[in-house]
Amino acid sequence: MEPDLDLDGILRENRIPFDTVGRDDLGGPPIGRGRIAKTLLLADARGYAVAVIPGNRQIDLLAIRREFGRSFRLGRPDETDRLFPGTPPNPLPPVGGDPRLETFLDLSLVRLRDVFLETRDPRRLIRIVGESFRALFYGAWCGPISRAVSPQARRFQPSARAR
């Protein structure tokens with residue numbers, strides 16, 4: 001499987017209007033990570049899928065199992081390389097509507113007025129109006145598939161010395 005993962009190309013092919021903005025060009029408060037969609041590769045016994053969730057959240061694999069009956073794990077970097085040759089693993093562009101991959105979309109993203117996508121250039125974002133973002137993912141599974149990142153998880157630092 002070698003889909004064309006040029007994000008601009010995916011959006012143009014799907015006739016999705018978008019703007020390209022610099023992270024510092026928005027003239028207002030910084031964009032919260034909750035408005036930036038990130039894509040994760042998932043794998044299970046049936047194959048591969050992608051999940052698109054807000055950048056400030058983490059995937060909830062148990063929620064996907066409850067909601068959709070699939071027992072996924074996160075895809076490994078070697079699987080990403082094999083499925084998407086020549087594409088850096090982060091950011092993996094959203095592949096909504098790609099018939100070769102099931103797509104799971106977090107419900108919170110469809111409620112946003114504007115959604116931003118990361119590009120290979122860390123200074124550049126693509127802005128898509130919410131209605132167009134939903135059109136890009138028409139036919140994708142949609143549900144509450146992410147959870148807030150626990151503040152305790154971020155603060156945990158294993159001791160370098162065993163006690």
(message) For a quick test of reading the model, state the closest non-hydrogen atom pair linking Ile59 to Ile53 and the distance between them.
(response) N-CD1, 3.5 Å

(message) Please determine whether side chain to side chain contact (heavy atoms under 4.5 Å, CB included) holds for the pair Val50 and Leu40, giving the CA-CA distance in whole Å, both sets of side-chain angles, and the decisive distance to 0.1 Å.
(response) CA-CA 6 Å; Val50 292; Leu40 304 168; over 6 Å; no

(message) Run the side chain to side chain contact (heavy atoms under 4.5 Å, CB included) test on Asp106 and Val52 for me, step by step, so that the C-alpha distance in whole Å, both residues' side-chain angles and the decisive distance to 0.1 Å come before the verdict.
(response) CA-CA 6 Å; Asp106 191 78; Val52 182; over 6 Å; no

(message) How close do Leu105 and Ile145 get, counting heavy atoms only, and between which atoms?
(response) C-CD1, 3.9 Å

(message) Going by salt bridge (charged side-chain N to carboxylate O under 4.0 Å, His left out), name the pairs with one or both residues in residues 60-71, residues two or more places apart or in two chains.
(response) Asp44-Arg70, Asp60-Arg147, Arg70-Glu102

(message) Return the SG to CZ distance between Cys142 and Phe137, rounded to the nearest 0.5 Å.
(response) 10.0 Å

(request) Evaluate salt bridge (charged side-chain N to carboxylate O under 4.0 Å, His left out) for Arg33 paired with Glu118, printing each intermediate quantity in order. (result) CA-CA 11 Å; Arg33 297 281 314 153; Glu118 292 182 313; 3.0 Å; yes

(request) Sequence neighbours left out, what passes side-chain contact (heavy atoms from CB on, under 4.5 Å) with Arg124? Give chain and number order. (result) Asp8, Thr20, Thr119, Asp121, Ile126

(request) Taking side-chain contact (heavy atoms from CB on, under 4.5 Å) as the test, write out the residues that go with Arg73, two or more places apart. (result) Ala43, Arg76, Glu79

(message) For Leu41 and Leu74: C-alpha separation, side-chain torsions, deciding distance, then whether side chain to side chain contact (heavy atoms under 4.5 Å, CB included) applies.
(response) CA-CA 6 Å; Leu41 180 65; Leu74 285 174; over 6 Å; no

(request) Could you tell me which non-hydrogen atom of Phe133 sits nearest to which non-hydrogen atom of Ile128, and how far apart they are? (result) N-CG2, 3.4 Å

(message) Would the distance check show the side chain of Lys38 and the main-chain N or O of Arg57 forming a donor-acceptor pair, the cut-off being under 3.5 Å?
(response) yes

(message) How long is the straight-line distance from OG of Ser132 back to CG of Asn14, given to the nearest 0.5 Å?
(response) 11.0 Å

(request) Working to the nearest 0.5 Å, report the span between CD1 of Ile16 and CZ of Phe18. (result) 10.0 Å

(message) So which atom in Pro54 and which in Gly34 form the shortest heavy-atom distance, rounded to 0.1 Å?
(response) CB-O, 3.6 Å

(message) Restricting to side-chain contact (heavy atoms from CB on, under 4.5 Å), what partner residues turn up for Asp114, sequence neighbours left out?
(response) Arg35, Phe116, Arg127, Val129

(request) Please examine the side chains of Ile36 and Leu117, heavy atoms only from C-beta on, and report whether any two atoms are closer than 4.5 Å. (result) no

(request) For residues Ala51 and Leu42, report the shortest heavy-atom separation together with the two atoms involved. (result) CB-CD1, 3.7 Å

(request) List the atom of Leu61, the atom of Phe72, and the distance in Å for their closest heavy-atom pair. (result) CD1-O, 3.5 Å

(request) May I ask you to decide if the ring planes of Phe104 and Trp141 are parallel, tilted or perpendicular, using 30° and 60° as cut-offs? (result) parallel

